[in-house]
Amino acid sequence: MSRYSASEIEAKWQEAWEKAGIFTARQSGDRPKYYVLEMFPYPSGRIHMGHVRNYTMGDVIARYKIATGHNVLHPMGWDAFGMPAENAAMAIGGHPKDWTYANIADMRGQMKPLGLSIDWSREFATCDPEYYGQQQALFLDMLKAGLVYRKNAVVNWDPVDMTVLANEQVEGGRGWRSGALVERRELTQWFFNISSMSEELLSALDGLENWPAKVRLMQENWIGKSRGLQFGFERSDGAQAIDVYTTRPDTLMGASFVGISPDHPIAKALAVDNPDVVAFIAECNKVGTTEEAVETAEKLGLDTGLTVKHPLNPDMELPVWIANFILMDYGTGAIFGCPAHDQRDLDFCRKYDLPVIDTFVALEDPKPVENEAFVPPKTDRVQWIDHFAGLDIATGQEAIDTTIAYAEKAGWGTGVTKFRLRDWGLSRQRYWGCPIPVVHCDDCGVVPEKKENLPVRLPDDVTFDKPGNPLDRHPTWRDVTCPSCGKPARRETDTMDTFVDSSWYFARFTAPHADTPTDMDAASYWMNVDQYIGGVEHAILHRLYSRFFARAMNITGHLPAKAIEPFEALFTQGMVTHAIYSTFDGEEFSAKERKELGVPDNWGAYKAEYLFPEQVEQREDGYFIKGTNRRAVVTPSAKMSKSKKNVVDPVSIISAYGADTARWFVLSDSPPERDVEWTASGAEAAFKHLNRVWLMSERIAEMDPDAKGQGDEELLRAMHKAIHDVTQGVESFGFNAAIAKLYAFTNLLGKSKASKATQQNAIRTLAQLMAPVVPHLAEDIWARQGGEGLIATAPWPQADESLLIDDNVTMPIQINGKRRAEISVPREMERAEVEKIALKVDAVQKALNGGVPKKVIVVPGRIVNVVV
RNA sequence: GCGGGCGUGAUGGAAUGGUAGACAUACCAGACUUAAAAUCUGUUGGGCCUUGUGCCCGUGUGGGUUCGACUCCCACCGCCCGCACCA
């Protein structure tokens, strides 16, 4: 008997697969194709357990599809542009390009030992000029097709560093490096016209049957289609009316003010000669640009002194307020406030002492609004107090429809459909991104670069010792001649949002070396992605942008019409988490930190210093720092992060146990869509189990082939049950359940006394069923047990239906829904017959106590319920 | 704040509306060993007594639908994710 040596067999089989070239994607008509894609990683330099889990899931699918006779495309690449490379250049010197490519080399080196079935010949990084040059070509085609345009938009501006900040670089309204108060600044920027496709992107969601319902719902809400009324409030001073948009026009009688955004043209006009307005707008601009910041900030308002006339009651005048919670981007940037039926408006009115007017009340409890707005579902029927269109009792929805019709007929308003989805701003004032291929000419305006001049390459000779975009202060790169008139001109110095890079990489994988963005022949063959796997954190933006891009690429002739929904099926996997260990020496905890860390009240008042798991040991009365009497806190699991010292490095796990153990563990303990907690004992257990399987194989190999066995039939049945269950598990992404079935079958096989032939058949089948998860171990067992060729390409085992069904079935007997007994009956037995037997059971007789049952429910093959 | 999700033993979790806790971890007991590790075997949701093929309770909390609810509906609590310049 030999021992299980993961490092030995893993290297051996990886070499064998590479030599046989079995993972090179082949385009041929004789087999169905299957395209499996895991979201490509950002090259941070280290792979983490989340990657291992994500790629193992994809690998299981890919290997299963190879075994079931498909041409499989399973590529890998690098989402390589972005801020971390520039941050690294600023922090430690060097060039983003060198940093990025070195990281890619490191990560590829860490990934290869995992034994993934990836076609590495298709690998690319988005920062390769060959890739971003094609992206520039796409941009030019989209520009021509009217899918890209320029307009002004607001950015976070750091006045000290003189640079644009990303939202994550703004902390508490201040720049993360300079600490300066961040200002809003308007710049002319490029936009993709994604909102022109709002309706299409929304309605096509219905066809995405193999996407998680929650993701479709999130996208639906994000696109945010609404039907409402748009109308003007006449200004008392006779100036141009203020247009408002509302989804609740039925509450118009309850209006107590008109609110406009601080960015509204009227607010800007007032600011010209009104210092109060200037100050108030400045105050509003201190709040960040994110929707979250705007929505959670304290509600502030300023009375402009202007008034408007109520459209239904000309005698009534409403004040016009500037309010910080009104977004210029949505609707018309102006609203009417109806405090009785909107909590935000109510808080605002109570704060500024504006009137609260009820327009409808609950049927059963008709009381006026106090400090809680009355906002029933639109489907609830309510009592109207004074509805101008004559409603008495009606639902909110009926009232909305009636009001829109009434306003349109009377001519003072229009029913309008609006979308929340905004156009996608793609300009970034940064170096490490895909250059936008246009030139600005004083005479010709914005001139697209000629396609034969692509790629517009990033210059290498840049430094990051000064704030701002290096492209902006690089004269020889920036200053060019106009492609149209030949006069001196300037290159666009903005680069593209990295979401652009990831919005079409899946298409590029079908022909990664083509000298056009895609190759129609290859794209037609491989698209769509049959299974896409990635985190739920990308549920909206990345996947919505990709859907937009696929449509844009179809319009510009780069993808076939069938590929406008590029991801046939989507799976969103959970994170890998790990417990966090810490001390409490050092600074004091804040109350918030206590809550966040779950620090018990009696544990002293000192701030945690995070500890690596191996610094901590468990004793009878709790956790301690190894070899000391200092206590440690163990907080429940959280996403692995360097700063919390709870990262488990896949490289060290692979060197300790092997890739198969890591792969087995990340799939075994939790359902794939949920987070999995990494535990040392769990990893250890996975390793032990693989050892057991190995030893079992050795034992079977050494059995006497002529010895008589017993229980062959039972083992055979269990084997076919395992084939059936594991196949189902893999097909339905129930990897943890499939692994549980593999455990059960392995335990059974371990105890089996069946003949050698049957056991050998069983262990070979077990190896095949395990192969997608632990391909190296499976390959080795397969070879030792006389399997033909590579297990990686061997056809997937088929379950024999006739061996799956037992003749007898155990049926639980319930009395009033509680299990009280069970009977064993032939599977095909008639209902009446089953009922007769069930009624004779002691427990039933006792419960009936001589009487007759009220009702007997017999679910054939399942359960009997006797109601007494 | 808005949108989405999740909540089951000591722990990770299983369960087409049909026997709640599969499978695994941890713990405990036993075998093997001079001993330990490793390995193997067995027990383990809580409670009660009359120790039985027994009874009661039990899937975040409260209500509802159903012969039957972890599963469906309503409300609440807690945690996680996203919110348009992080990737």
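Chain A is the first sequence line, chain B the second, and so forth, proteins listed ahead of strands; every chain is numbered from 1.
Within 4.0 Å of A539(A), counting heavy atoms only, lies no atom of the nucleic acid at all. Among the protein residues, K751(A) comes within range of the sugar-phosphate backbone only, with heavy atoms under 4.0 Å from sugar or phosphate atoms but none that close to a base. Within 4.0 Å (heavy atoms only), G425(A) reaches sugar-phosphate atoms of the nucleic acid but no base atom. Heavy atoms of V294(A) sit nowhere under 4.0 angstrom from any nucleic acid atom. N747(A) comes within 4.0 angstrom of sugar-phosphate atoms only, judged by non-hydrogen atoms across all strands, and of no base. Q728(A) comes within 4.0 angstrom of no nucleic acid atom, judged by non-hydrogen atoms across all strands. Note on G682(A): nothing from the nucleic acid sits closer than 4.0 angstrom, heavy atoms only. Residue contacts shown for R820(A) are limited to sugar-phosphate atoms, with no base heavy atom under 4.0 Å away. L742(A) comes within 4.0 angstrom of nothing in the nucleic acid, heavy atoms only.
Legend: residues meeting salt bridge (Lys or Arg N to Asp or Glu O under 4.0 Å) with K688(A), ordered by chain and number and at least two apart, are absent. R184(A) pairs by the salt bridge (Lys or Arg N to Asp or Glu O under 4.0 Å) definition with D263(A), not counting sequence neighbours. The salt bridge (Lys or Arg N to Asp or Glu O under 4.0 Å) test applied to R543(A) returns no partner, not counting sequence neighbours. By the salt bridge (Lys or Arg N to Asp or Glu O under 4.0 Å) test, E291(A) pairs with R420(A), sequence neighbours left out. With sequence neighbours excluded, no residue satisfies side-chain contact (heavy atoms from CB on, under 4.5 Å) with A685(A). Listed by chain and number, the residues in a side-chain contact (heavy atoms from CB on, under 4.5 Å) with H724(A) are Q728(A), A799(A), L804(A) (sequence neighbours excluded). Q343(A) pairs by the side-chain contact (heavy atoms from CB on, under 4.5 Å) definition with L346(A), D347(A), E372(A), A373(A), not counting sequence neighbours. With sequence neighbours excluded, the residues forming a side-chain contact (heavy atoms from CB on, under 4.5 Å) with P812(A) are R819(A), I863(A), listed by chain and number.
Rounded to a whole Å, the CG atom of L217(A) is 13 Å from the C1' atom of G82(B). Between the CH2 atom of W222(A) and the C1' atom of C81(B) there is a distance of 13 Å, rounded to whole Å. Between the P atom of G4(B) and the CG atom of L541(A) lies a distance of 16 Å, rounded to the nearest Å. G1(B) atom C1' lies 15 Å from atom CG of N221(A), rounded to whole Å.
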Interface polar pairs with nucleotides 36-40 of chain B, N/O, under 3.5 angstrom:
none

Polar-atom pairs under 3.5 Å, protein N or O versus N or O of nucleotides 70-76 of chain B: list them with distances, or write none.
none

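A residue-by-residue look at H538(A) and T289(A) shows that T289(A) has its nearest nucleotide of RNA chain B further toward the 5' end.
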Dot-bracket for RNA chain B, 5' to 3', counting Watson-Crick or G-U wobble pairs under 3.5 Å, with [ ] for crossing pairs and | for inter-strand pairs? (((((((..(((.....[....)))(.((((.......)))).)(((((..).))))..(((((..]....))))))))))))....
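Comparing atom distances between the R430(A) side chain and each of C81(B), C85(B), A84(B) picks out C85(B) as nearest.
Of the side-chain N and O atoms in R428(A), one or more sit less than 4.0 angstrom from OP1 or OP2 of C85(B). Contact check, T498(A) against A87(B): a side-chain N or O comes under 4.0 Å of OP1 or OP2.
A donor-acceptor contact under 3.5 angstrom links the side chains of S226(A) and Y330(A), judged on distance only.
Using a 4.0 Å cut-off between charged nitrogen and carboxylate oxygen, E220(A) and K214(A) do not count as a salt-bridge pair.
U61(B) and G54(B) are spaced 31 Å apart, taking the C1' atom of each and rounding to whole Å.
In this structure, F325(A) and F348(A) have perpendicular ring planes: the angle between them is above 60°, well past the 30° mark.
Between the base of C83(B) and the side chain of E292(A) there is a donor-acceptor pair shorter than 3.5 Å. A donor N or O paired with an acceptor N or O is found under 3.5 Å between the base of C85(B) and the side-chain atoms of Q189(A).
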Counting primed atoms, P, OP1 and OP2 as sugar-phosphate and everything else as base, the B/S/- map of nucleotides 10-21 of chain B against protein heavy atoms under 4.0 Å is --SSS-B-BB--
